[in-house]
Amino acid sequence: MSISLNHTIVTATDKKASAQFLADILGLEVSPQYGPFLPVEIPNGVTLDYMDGDGRPITSQHYAFLVSEDEFDAIFGRIKDAGLTHWADPHHTVVNEINTNDGGRGVYWDDPDGHSLEILTRPYGSGS
């Protein structure tokens, strides 16, 4: 059996708002609620299962999505249309720019709870 990631839990202040935020930016759908979770399924079959934090502090996590060049253009367009601040780097120092690491393109932005989201067109270390 090969090992693959199936799902991860994303804690949110408002799971509905956060799941919809991600789905809207990535051009995906929010799936029906499953138990306490509100899933957003990524096309490779992995789900991000949003769960309310019930008033506990939210610890920021990082979620990166490998996308095609066309998907990057569409997603980045939605980021700009939403007026979201974005960064070229994970430390949020190069504001409102993208990076060209490994010969591709990448960008970071935050969700409503401060989770760091990233899209990239080339995996790290794949460039020459």
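As a basis for the values below, the full set of heavy atoms in this structure was taken, side chains included, without hydrogen atoms, waters or symmetry mates.
Using a 4.5 Å cut-off on side-chain heavy atoms (C-beta onward), Ile25 and Asp111 make no contact. Taking the side chain as every heavy atom from C-beta outward, Pro36 and Asp49 never approach each other to under 4.5 Å. Counting only heavy atoms from C-beta outward, the side chains of Leu48 and Ile42 approach each other to under 4.5 Å. In this structure the side chain of Ile58 reaches within 4.5 angstrom of the side chain of His115, judged on heavy atoms.
Looking only at distances, no side-chain donor or acceptor of His7 sits under 3.5 Å from a matching main-chain atom of Leu5. In terms of modelled atom types and a separation under 3.5 Å, the side chain of Arg122 and the main chain of Asn101 share no donor-acceptor contact. Remark: the backbone N or O of Gly125 is paired with a side-chain donor or acceptor of Asp102 at under 3.5 angstrom. With hydrogens and angles disregarded, no donor-acceptor distance shorter than 3.5 Å links the side chain of Thr121 to the backbone of Gly104.
Here the shortest heavy-atom pairing between Val107 and Ile79 reads CG1-CD1, 4.3 Å. Closest non-hydrogen pair, Ala88 versus Tyr108, comes out as O-CE1, 3.7 Å.
Note: the hydrophobic cluster containing Trp87 does not contain Leu22 (ILVMFWY, side chain heavy atoms under 4.5 Å, direct or indirect links). In the hydrophobic clustering of this structure, Ile119 groups with Leu28; members are Ile, Leu, Val, Met, Phe, Trp, Tyr whose side-chain heavy atoms approach within less than 4.5 Å, directly or through other members. Tracing side-chain contacts under 4.5 Å through hydrophobic residues (I, L, V, M, F, W, Y), one never reaches Met51 starting from Val46; they form parts of separate clusters. When the side chains of ILVMFWY residues are joined at heavy-atom separations under 4.5 Å, either directly or via intervening members, Val30 and Val10 end up in a single hydrophobic cluster.
Counting non-hydrogen atoms of neighbouring residues, nucleotides and ligands closer than 6.0 angstrom, the OH atom of Tyr63 exceeds 12 such neighbours. Within 6.0 Å of atom NE2 in His62, more than 12 heavy atoms from other residues, nucleotides or ligands are found, so the atom counts as buried in its surroundings.
For the residue pair Asp70 / Ser68, no side-chain donor-acceptor distance below 3.5 Å is found, with atom types taken as modelled.
Residues satisfying the side chain to side chain donor-acceptor pair (under 3.5 Å) test with Glu41, not counting sequence neighbours, are none. For Phe37, there are no ring-ring contact (aromatic ring centres under 6.0 Å, His included) partners two or more places apart in sequence or in a different chain.
Looking at Ile98, Val67, Asn99, Leu66 one by one, the single match for side chain to side chain contact (heavy atoms under 4.5 Å, CB included) with Leu120 turns out to be Leu66.
Here side-chain hydrogen bond (donor to acceptor under 3.5 Å, both in side chains) pairs that include residues 15-33, with residues two or more places apart or in two chains, are Ser18-Asp113, Gln20-Asp24.
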